[in-house]
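These values consider heavy atoms only, across backbone and side chains, with no hydrogens, waters or symmetry-generated copies.
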Amino acid sequence: MDQEYTYHTEEEQKKAETDVLEPAETASGAGDAEGGAAEQKEAPVGDKKKKVPRWVKICCLGMAFGLVTGTTFQVANFATGKILGTTGTVKQAKTTGTVSNTTLTTSKGSVTSSDIAEITKSAMPSVVSITNLTVQQVQDFFGGVREQKSTAVGSGIIIGQNEKELLIVTNNHVIEGSGNLTVSFIDEESVEANIKGTDANRDLAVLAVDLSQIKSSTMDQIAVATLGDSSKLQVGETTIAIGNALGYGQSVTTGIVSALNRELEGFDGKLIQTDAAINPGNSGGALLNAKGEVIGINTIKVATDQVEGMGYAIPISDAQDIITNLMNQETKTKVTASERGYLGIQGVDVNEESAKMYNIPTGVYVSEVISGSGAEKAGLEKGMIITKLEGSSVSNMQTLKEQLQYYKAGDTVKVTVSVQGKDGGYGEKEVSVTLTEQN
């Protein structure tokens, strides 16, 4: 808690200024078999790879996101009720280039501004707050089952608009295990959002908001973000982070590019390191350069009392192809549990450690195919590794189950599997599977 000090003499003030206060940060982070078809088996475990020192506690896939509360927690910018209004067109900040069916806005300018206030004023309309309300069934002390609601918050960046939807990029861990997703704009208006596509391996996701839900007054205030070129970044450049820190609403921190091409255990890809403060709730928010362009998506922080100013962001240039793929997928809406379709497999998670130990891809190892299931009819076999479903990456059984909750029994989905060849190596192939009801 902040304290206020009053100095009565010059000597007292000088003595007080020698005191050092060291704040400590804490953080947190969050896996089973498909459709309950069978109990999940444990993955093989071998010698562990070299890890980072114990004093470094990497807060990934939930640590920068982090903030999870009970039903009494009130998130800033959260509004209830159905929001009615008319549609409009989001303002485009700079030159627009066409990408497939939707557009990404990229910079063509070269003028750099050092006025943080002006940069923030221009960029803030393109950043949103995201609220993820989930309901879980938990067993109480007396053996009964009750529902427990929890709220988690994160951030997102408006990256495009098609004929019917506004598109927002965020971290996959922000929307993982999603219940009801709500997006709040700069004017504090809130609307429901659906998942467009996800990539768990790169911790990316794209959300879609129906334009018919957004008031015309809100459309006049929001804007599509301008994406910069993170491949041209240099250490020492100014960085500005905008996000929904602690769920209190949008806030701004500044710093520099501390390092480039950082590799962290558990994350697929290289990262930008910055000393701009990245706090719980900042996940999915924008990391800007001095031109006000998005150069990264805030995702990870180091949280320990021995470390200060170590946050990480996904380089936007590395993520653009993935984002383009996700934003042009079909928008997903959940189906009821009674209608839900199932592949019909038993699987084992292949995590990064197991993948390196056995030289196999990460994903879900098919340990058994259920007789008469859609998986069997499609030719899935024991030993195959499921890596994608409908173009979205599958990192474990949990992500596979979450993706299947958008498809009914009778729907046909494209499953990407890695198959071991005669030389011992793995090659990918795509299989169409018609989902069946759970046995």
Side-chain angles (χ1 to χ4, degrees), residues 24-31 43 47-67 154-155 169-176 198-205 230-231 233-237 239 241 243 245 253 255-287 294-323 349-357 361-363 393 395-396 398-399:
E25 296 184 25
T26 59
S28 60
D47 295 334
K48 295 185 177 180
K49 64 181 179 180
K50 185 176 180 181
K51 298 183 180 296
V52 292
R54 292 186 178 180
W55 58 270
V56 177
K57 303 173 183 176
I58 298 299
C59 180
C60 183
L61 302 182
M63 295 192 74
F65 180 39
L67 183 60
S155 306
V169 66
T170 185
N171 288 143
N172 181 68
H173 73 259
V174 170
I175 55 89
E176 197 169 27
T198 62
D199 190 315
N201 291 335
R202 296 303 302 274
D203 195 22
L204 292 168
S230 59
S231 67
L233 283 176
Q234 298 183 48
V235 173
E237 285 191 42
T239 57
T253 57
I256 61 170
V257 175
S258 302
L260 298 169
N261 301 318
R262 289 300 200 202
E263 295 184 359
L264 298 177
E265 184 178 358
F267 187 87
D268 184 7
K270 296 182 179 180
L271 300 166
I272 302 167
Q273 181 183 329
T274 180
D275 65 348
I278 307 295
N279 295 299
N282 274 124
S283 280
L287 187 69
V294 177
I295 53 168
I297 301 170
N298 299 322
T299 187
I300 305 171
K301 68 175 294 184
V302 173
T304 171
D305 56 5
Q306 299 181 37
V307 175
E308 183 177 347
M310 292 182 70
Y312 297 87
I314 301 169
I316 197 66
S317 297
D318 294 351
Q320 281 193 32
D321 288 345
I322 298 171
I323 294 172
D349 294 347
V350 182
N351 57 27
E352 186 179 355
E353 183 178 344
S354 298
K356 288 184 178 180
M357 183 182 303
T362 58
S393 66
S395 57
N396 52 43
Q398 181 64 29
T399 58

Rounded to the nearest 0.5 Å, the CG atom of L264 sits from the NZ atom of K270 at a distance of 12.5 Å

For T239 and I295, work out which heavy atoms get closest and say how close. CG2-CD1, 4.4 Å

Check against side chain to side chain contact (heavy atoms under 4.5 Å, CB included), E176 and N171: CA-CA 9 Å; E176 197 169 27; N171 288 143; over 6 Å; no

Is there a side-chain contact between N351 and N396 in this structure, where contact means two heavy atoms from C-beta onward sitting under 4.5 Å apart? no

In Å, rounded to the nearest 0.5 Å, how long is the span from OG1 of T170 to CD1 of I323? 10.5 Å

Heavy atoms of A276 and A241 approach each other most closely as CB-CB, 4.3 Å

Is there a donor-acceptor contact under 3.5 Å from the side chain of T274 to the main chain of I256? yes

side-chain hydrogen bond (donor to acceptor under 3.5 Å, both in side chains) partners of S393, counting only residues at least two apart: D199

For the CD1 atom of I272 and the CD atom of E237, what is their distance to the nearest 0.5 Å? 9.5 Å

Could you check if a side-chain atom of Q398 sits within less than 4.5 angstrom of a side-chain atom of D349, using non-hydrogen atoms only? no

Interatomic spacing from CG in N298 to OH in Y312 - rounded to 0.5 Å: 13.0 Å

Measuring only between side-chain heavy atoms, which start at C-beta, is D203 closer than 4.5 Å to I297? no

d(E352 CD, N201 CG) to nearest 0.5 Å is 9.5 Å

CG/N279 to OG1/T253 distance, rounded to the nearest 0.5 angstrom? 7.0 Å

Measure across A245 and N282 and return the closest heavy-atom pair with its distance rounded to 0.1 Å. CB-OD1, 3.8 Å

Are N172 and R202 packed together at the side-chain level, in the sense that at least one heavy-atom pair is separated by less than 4.5 angstrom? no

Flag, side chain of S283 to backbone of V174, donor-acceptor distance under 3.5 Å: no

Compare all side-chain heavy atoms of V294 with those of L287 and state whether any distance is below 4.5 angstrom. no

Under the side-chain hydrogen bond (donor to acceptor under 3.5 Å, both in side chains) test, which residues partner T362, sequence neighbours left out? none

Partner residues of S230 under the side-chain hydrogen bond (donor to acceptor under 3.5 Å, both in side chains) criterion, sequence neighbours left out: S317

Heavy-atom pair of closest approach, residues T198 and A205: CG2-CB, 4.0 Å

